[in-house]
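Working notes, beginning with the structure itself.
These numbers were taken from a predicted model, which means no experiment stands behind them.
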Amino acid sequence: MATAGTRRHDGARSTEAVARAHSAAQVHGLYTPPGLKRVSTGAVDSFTTASGITGSVATSRSTGIDPRGDCPSAGKATTFAFKNSAGHVVSWLFAGADGVGAEVPDTTVERILGTLRRHAGPSDS
């Protein structure tokens with residue numbers, strides 16, 4: 001009941017803005033009917049992975065969702081935004097159902113986030 005992915009954000013001004021906006025947009029698109037008024041986003045915090053990547057993280061959640069009519073479940077999304085080795089703002093996202101039996105707990109998402117590391121790039125071999 002979850003998905004993860006990465007994205008490059010051309011023209012992004014800050015990791016904080018990307019963490020906030022990308023998590024909200026994903027919740028809106030995946031778990032809410034039209035209208036951003038049903039998405040709440042928590043504080044944007046600094047985060048450093050175990051491999052030393054520093055950036056910004058934010059979690060958004062859908063609010064006021066009626067599973068009988070609006071969407072099958074409420075949802076949440078956590079975005080970690082950081083600068084890659086080329087200086088571009090990129091993000092890692094984890095999105096899933098919220099408040100259901102198969103929900104991935106926030107503590108698990110944070111543990112996964114902590115394991116992110118930079119890709120070494122293609123090799124010549």
Side-chain angles (χ1 to χ4, degrees):
M1 302 234 8
T3 188
T6 59
R7 180 176 176 184
R8 180 172 149 178
H9 300 270
D10 292 329
R13 294 179 183 235
S14 70
T15 59
E16 295 87 354
V18 168
R20 179 180 300 109
H22 190 55
S23 64
Q26 293 302 308
V27 169
H28 177 255
L30 294 169
Y31 293 101
T32 65
L36 282 175
K37 64 185 177 194
R38 292 194 179 183
V39 175
S40 67
T41 302
V44 177
D45 296 315
S46 295
F47 189 86
T48 302
T49 68
S51 68
I53 300 172
T54 59
S56 304
V57 65
T59 298
S60 296
R61 297 179 187 284
S62 57
T63 60
I65 301 301
D66 179 1
R68 296 168 297 182
D70 291 334
C71 294
S73 73
K76 61 183 178 180
T78 298
T79 296
F80 175 57
F82 57 97
K83 290 191 176 183
N84 66 10
S85 57
H88 301 288
V89 176
V90 296
S91 65
W92 173 84
L93 169 88
F94 191 94
D98 191 20
V100 298
E103 173 185 354
V104 177
D106 291 343
T107 54
T108 300
V109 174
E110 190 170 316
R111 283 196 340 248
I112 295 167
L113 171 57
T115 68
L116 295 182
R117 59 192 182 278
R118 294 188 196 279
H119 184 283
S123 70
D124 291 333
S125 57

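- For D45, there are no salt bridge (Lys or Arg N to Asp or Glu O under 4.0 Å) partners, not counting sequence neighbours.
- Contact check for T54 versus F47: no side-chain heavy atoms found under the 4.5 Å cut-off.
- The two atoms that bring G75 and V27 nearest to each other are O-CG1, 4.1 Å, heavy atoms only.
- Taking hydrophobic clusters as Ile, Leu, Val, Met, Phe, Trp and Tyr residues chained together by side-chain heavy-atom distances below 4.5 Å, V44 does not share a cluster with F82.
- Nearest heavy-atom pair, V90 versus R8, reported as atom, atom and distance to 0.1 Å: CG1-CA, 3.9 Å.
- Between the CZ atom in F94 and the OG1 atom in T3 there is a gap of 8.5 Å [rounded to 0.5 Å].
- Here CD of E110 is found 8.5 Å from CG of D106. Values are rounded to the nearest 0.5 Å.
- Nearest heavy atom pair, residue A24 against residue S60, reads N-OG, 3.2 Å.
- Shown here for A19 and A58, the closest heavy-atom pair between the two residues is O-CB, 3.6 Å.
- Distance CG/L113 to CG/L93: 11.0 Å, rounded to 0.5 Å.
- In this structure, the side chains of V109 and V104 come closer than 4.5 Å at one or more pairs of heavy atoms.
- Residue S51 holds its OG atom at 7.5 Å from CG of L116, rounded to the nearest 0.5 Å.
- Two residues are said to be in side-chain contact when any heavy atoms from C-beta on lie closer than 4.5 Å; E16 and S56 meet this criterion.
- Atom NZ of residue K83 and atom OG1 of residue T15 lie 7.5 Å apart, to the nearest 0.5 angstrom.
- A donor-acceptor contact closer than 3.5 angstrom links the side chains of T78 and T59.
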May I have the step-by-step check of side-chain contact (heavy atoms from CB on, under 4.5 Å) for I53 and R118, ending in yes or no? CA-CA 8 Å; I53 300 172; R118 294 188 196 279; 3.8 Å; yes
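- Here the straight-line distance linking atom OG1 of T6 with atom CZ of F80 works out to 13.0 Å at 0.5 Å rounding.
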Test side-chain contact (heavy atoms from CB on, under 4.5 Å) applied to H9 and S91, step by step: CA-CA 8 Å; H9 300 270; S91 65; 2.7 Å; yes
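- For the side-chain hydrogen bond (donor to acceptor under 3.5 Å, both in side chains) condition, the pairs that include at least one residue of residues 92-103, sequence neighbours left out, are R61-D98, K76-E103.
- Every residue two or more places apart in sequence or in another chain that forms a side chain to side chain contact (heavy atoms under 4.5 Å, CB included) with A97 is listed here: M1, S73, V100.
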